[in-house]
Amino acid sequence: MNTRLITRGVAALTLSAGLGLAGSVAVDADTAPVPSPSATPATTGHPVTLAILKARCNAAVQRRLGTLGADDTFVEDSVALTGADQSKLEGQISADQQGLTALDQTIQGDTTWTQAHADCLLIVTDYRVYVLENPKIHEVIAADGITKVDGTFETLIPELQALINNSSEPPSVKAQAQTDLNDLTSKVNASRTSISGVSASVINLEPSGWPGNEVNLKSAAQNIKTARTDLEGARTDANDILELLGE
Amino acid sequence: MTHLTALRNGVLCGVAIVAVAGCGARLTGSQGSSGSAVVSSAGASPSAAASPGSSAVDQQVQNIDNQLSTIDGQIDAADSGLNTSEGDPSQ
């Protein structure tokens, strides 16, 4: 009887440990679809020791610092970002890096499991690196990039117009090229309309506003894609014009 | 003597043609490098010299392609984040 109870206990412990390990891979991965941490408070059972808890929290911080470091490289290297947006994003990334590093130090100094776990949750709730900061940064870079391409098209449009005006192709060909150029201009204008205000709508979003501000991120993403589609059409028009004119 | 004169004239003529062609090409290239000059001249005179060089247009199109490629990467990265959830780091 005792042997049976012990066997059941070992089996239960093994199952719990297995679930715990599986969870450690999935729940904090930056692509894993997992529930909010608020739904999984600490239990009095403490499934892991304080040392293991601290190690996991440290790993979570380091992963986020890695993501922020990569984002910072994108921001610094971007030729599309406006100066103001670039400066603001760099400031936000730097603040997150400093805050997470300080938080990690706090966690490593915690003397109780409960306090360490509470502080560990702040890695998510105070920063939202994966769900807010990271996509926000990429959206601002993309939106400013769309605006920059609109500007490049503004330079290209009169050049294409001159090519049409001065072309020795038959009038019917020039007329088709003009139709394409008109369509190109219309698409660039549509792109400009779609992207207007997008960067400003997301760049100041804060972790404290999550999850309410998620809708802003998704709306911005849709506007960026719409503008990008318009630019694809404009690019196709430009190619058609050049082919019609034998350029 | 007649043959030598004809030959010399032919060579000089050839040199002159090359020189004129070279000047024309240089003129067209320099005008093509300035977008604003092209715009202002296009409406005033539809002469061939006012047309932007196709290389200048090609450069603009290439710039657009490069920028669109970068934008696509950023859109993909943003989408990845929008499909992510953050769980309890201690688990």
Side-chain angles (χ1 to χ4, degrees), chain A residues 20 23-24 26-28 30-37 40 42 48 53 56-57 59-60 74 80 116-117 120-121 123-124 128-132 134-135 138-139 141-142 145-146 148-149 152-153 155-156 158-163 165-166 217-218 221 224-225 228 231-232 235 238-239 242 247, chain B residues 21 23-91:
Chain A
S24 70
V27 295
D28 194 43
D30 61 359
T31 56
V34 294
S36 165
T40 56
V48 296
L53 174 63
R56 288 180 180 178
C57 300
F74 274 123
H117 184 254
C120 198
L121 289 177
I123 295 170
V124 174
R128 304 286 181 190
V129 171
Y130 295 140
V131 297
L132 175 65
N134 182 50
H138 290 298
E139 285 187 352
I141 296 174
I146 295 279
K148 188 175 178 65
V149 174
T152 306
F153 267 114
T155 302
L156 180 63
E159 293 181 351
L160 290 172
Q161 185 65 69
L163 282 177
N165 292 344
N166 300 321
L217 284 178
K218 291 187 173 178
I224 291 167
K225 288 174 185 174
R228 172 66 180 86
L231 290 181
E232 186 64 33
R235 173 65 183 86
N239 195 52
L242 293 174
E247 296 291 343
Chain B
C23 289
R26 184 176 177 81
L27 180 63
T28 302
S30 63
Q31 293 217 357
S33 63
S34 171
S36 58
V38 169
V39 174
S40 60
S41 63
S45 171
S47 67
S51 175
S54 60
S55 62
V57 172
D58 289 344
Q59 182 65 46
Q60 298 284 1
V61 171
Q62 185 62 49
N63 285 343
I64 288 169
D65 285 343
N66 291 338
Q67 292 172 50
L68 290 178
S69 177
T70 301
I71 290 167
D72 289 342
Q74 297 300 316
I75 290 174
D76 288 344
D79 272 346
S80 177
L82 292 175
N83 293 317
T84 299
S85 297
E86 290 186 77
D88 184 346
S90 69
Q91 294 297 302

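All values derive from a computational prediction rather than experimental measurement. Because only heavy atoms are used, hydrogens play no part in the values below, and waters and symmetry mates are left out as well, while side chains stay in. Quick note on labels: first sequence line is chain A, next is B, and so on, each numbered from 1.
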| query | Taking all non-hydrogen atoms of both residues, which atom of A:Pro135 and which atom of B:Ala78 are closest, and how far apart? | reply | CB-O, 3.6 Å
| field | chain A contact via B:Asp79 - side chain, backbone, both or neither, heavy atoms under 4.5 Å | value | side chain
| said: Please check this pair: side chain of B:Glu86 against backbone of A:Tyr130, looking for a donor-acceptor N/O pair closer than 3.5 Å. | reply: yes
| task | Tell me, out of A:Leu132, A:Ile146, A:Val48, who's got the most heavy-atom pairs with chain B below 4.5 Å. | result | A:Ile146
| query | Heavy-atom distance under 4.5 Å to chain B: side chain of A:Leu242, backbone, both or neither? | reply | side chain
| query | Which atoms of A:Leu53 come close to chain B, meaning under 4.5 Å heavy atom to heavy atom: side chain ones, backbone ones, both, or neither? | reply | side chain
| Side chains of A:Leu156 and A:Leu160 in contact at under 4.5 Å (non-hydrogen atoms) | yes
| With B:Asn66 via side chain to side chain contact (heavy atoms under 4.5 Å, CB included) - residues at least two apart | B:Gln62
| task | Please report the C-alpha distance between A:Cys57 and A:Ile123 in whole Å, then the side-chain angles of each, then the deciding distance to 0.1 Å, and finally whether the side chain to side chain contact (heavy atoms under 4.5 Å, CB included) criterion is met. | result | CA-CA 8 Å; A:Cys57 300; A:Ile123 295 170; 4.0 Å; yes
| note | Greatest number of non-hydrogen atom pairs under 4.5 angstrom with chain A, of B:Ile75, B:Asp76, B:Asn63, B:Leu68, falls to B:Leu68
